[in-house]
Each structure stands twice: as C-alpha cells, then as structure tokens.
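Residue indices begin at 1 and follow the sequence shown. Atoms within each ligand, like the ligands themselves, are counted from 1 in listed order.
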Amino acid sequence: MNDLASRLQAIRDRISAAAQRCGRDPASVQLLAVSKTFPAEAIREALDAGQLLFGENKVQEILAKAPQLPSNLQWHLIGHLQSNKVRKVLPHVQAIHSVDSLDLARDIDRIAGELGLKAKVYLEVNLGDESSKHGFNAEGLRAQLEALHALTRLEIQGLMCIPPFDDDPEKSRPYFVQLRTLRDELEKTGGRPLPLLSMGMSHDFEIAIEEGATMVRVGSAIFGERTYKPAA
Ligand SMILES: *Cc1c(COP(=O)(O)O)cnc(C)c1O
C-alpha cells in the first residue's frame with residue numbers, strides 16, 4: 001500500500017473502532033475525504049483505494065478537478081457558497097454542507113428548479129457564534145426552519161458544524177452535543193426528519209462519532225498538511 005492508501009485505511013479503522021466503542025454500526029458513519037488544495041492525482045490515489053466521497057471548500061476547485069477524474073466519484077461542497085456560483089456548482093455536487101442562510105437556501109431552491117434538480121443540503125450552524133465563521137445561529141435557525149422546509153427543491157439532510165478550533169479535541173465535544181440536541185429539537189418542532197450530522201475533522205472525528213456524527217470530514221489526516229496557496 002502507498003502512504004495515502006495506508007493513511008486512508010488507518011482512518012477507516014479508527015472510524016469503525018470509534019463507532020463500535022459506543023455501540024454504533026460502523027456503516028452508519030461515512031467518511032468524506034477533504035481534498036481541498038490537493039491535486040487530482042492525490043484524489044485518484046484515494047479513489048483507487050476505494051474512497052468515493054470527496055469534500056472541497058471552493059467551487060473553482062471542484063470545477064477544475066472534476067473533468068480530470070472519473071465521474072463515479074462524488075463531490076460534496078463544504079465551504080461557503082456565494083449565490084452567483086450556485087448555478088455552476090449544483091450539477092457537480094452530490095451534497096452541499098454549507099447552506100448558511102435563508103437567502104442562499106432560496107437561491108439554491110430556485111436554481112435547482114430551473115435546472116430540474118433536487119439539492120441535498122445540510123444547514124450549517126455557527127455554534128460558537130464566531131464572527132469569522134458562516135452559519136445560522138441556533139436562534140435564527142429556529143425562526144427560519146419553517147421557511148426552509150417550504151423550499152421544495154431542497155432536501156434538507158441534517159445539520160453541519162465546525163467547532164472553534166482547539167488543540168484538545170475534547171473541547172469540541174460540547175459543540176457536537178449541541179448540534180445533535182438542536183437537531184433533535186428541530187425534528188420535533190419542524191415535523192420532519194433531519195437524519196444526518198456532518199461533524200468531526202482530522203483532530204476530533206472520533207469524538208464526533210461518539211456524539212452521533214453520520215459523516216466525518218477528514219482532510220489532513222489523509223492527504224497530509226495543506227500548504228495554502230493564494231485564493232484563485
Ligand atoms: C478543511 C476542512 C475540513 C478538514 O479539515 P482537516 O483538519 O484537514 O481534517 C473539514 N471541514 C471543513 C468545512 C473544512 O473546510
């Protein structure tokens with residue numbers, strides 16, 4: 001096995017172990033390999049090792065990499081989406097994890113209708129109320145849930161969060177608990193299932209699984225450290 005394939009396998013093993021430790025079926029946790037800043041060749045290596053789900057945080061990167069790769073691979077957008085890029089990206093992505101406002105949700109709904117698509121989305125919640133981060137705050141989401149559910153071209157899968165970063169992964173746990181609790185509440189008040197929780201990254205995905213994550217978004221632990229390039 002090459003390095004990337006063995007790192008990928010190690011993450012899969014840790015996902016299974018974490019799920020089993022807390023009495024969950026390992027198959028209930030999906031791995032999203034976050035390939036942002038890495039070239040198509042790295043993605044192909046992961047694909048050859050059996051990984052089909054890839055996360056990118058920029059529309060341009062998906063548009064640049066997709067034509068170089070087999071079409072069975074599935075892209076998830078995990079970064080902030082500007083309304084003027086919705087039309088370009090929708091046909092390429094299997095899910096959008098970063099729906100962070102009612103306005104954006106309405107734009108996606110309208111454009112999905114024009115394109116004859118349905119859009120699978122997660123609602124991003126800014127639990128730390130960090131001004132540097134996008135997302136609904138819990139109060140805003142409660143107030144806007146009905147309007148979100150009224151958008152017929154959106155299939156709202158669940159919630160997503162990015163807790164404030166801390167070297168100690170245990171510091172993420174209260175945020176994961178909050179996201180799950182908010183989900184449970186919104187299922188009751190909204191009368192619709194929100195089955196999926198997108199939470200957990202390289203340093204805290206095992207804790208996210210213990211708290212109910214159904215998809216963990218792991219980048220650097222698979223692909224290596226990122227060297228940031230200036231924005232394209
Ligand atoms: C980059 C990124 C990740 C992956 O982060 P790692 O720490 O490299 O695992 C997960 N989620 C989002 C939204 C990201 O932007």
Under the 3.5 angstrom rule, does the side chain of Arg142 hit a backbone N or O of Thr189 as a donor-acceptor pair? no

Arg183 (side chain) donor-acceptor with Leu194 (main chain) under 3.5 angstrom: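 Here the side-chain-to-backbone pair exists.
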
Gln30 and Thr214 side chains, donor-acceptor separation under 3.5 Å: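 No, because no side-chain N or O of Thr214 sits under 3.5 Å from a partner of the opposite role on Gln30.
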
Could you list, one pair per line, each nitrogen or oxygen of ligand 1 together with any protein nitrogen or oxygen closer than 3.5 Å, giving atom names and the distance rounded to 0.1 Å?
residue	atom	partner	partner atom	Å
ligand 1	8 (O)	Ser220	N	2.7
ligand 1	8 (O)	Ser220	OG	2.9
ligand 1	8 (O)	Arg226	NH1	2.8
ligand 1	8 (O)	Arg226	NH2	3.1
ligand 1	9 (O)	Ser202	N	2.9
ligand 1	9 (O)	Ser202	OG	2.5
ligand 1	9 (O)	Gly219	N	2.8
ligand 1	11 (N)	Arg217	NE	2.8
ligand 1	15 (O)	Lys36	NZ	2.6

Using the ring-ring contact (aromatic ring centres under 6.0 Å, His included) rule, collect all pairs that involve residues 69-91, keeping only residues at least two apart or in two chains. His76-His97, His80-His134

For Phe38, the option from Glu61, Glu45, Arg226 that meets side-chain contact (heavy atoms from CB on, under 4.5 Å): Arg226

Glu56 side chain reached by Ile43 side chain, heavy atoms, under 4.5 Å: yes

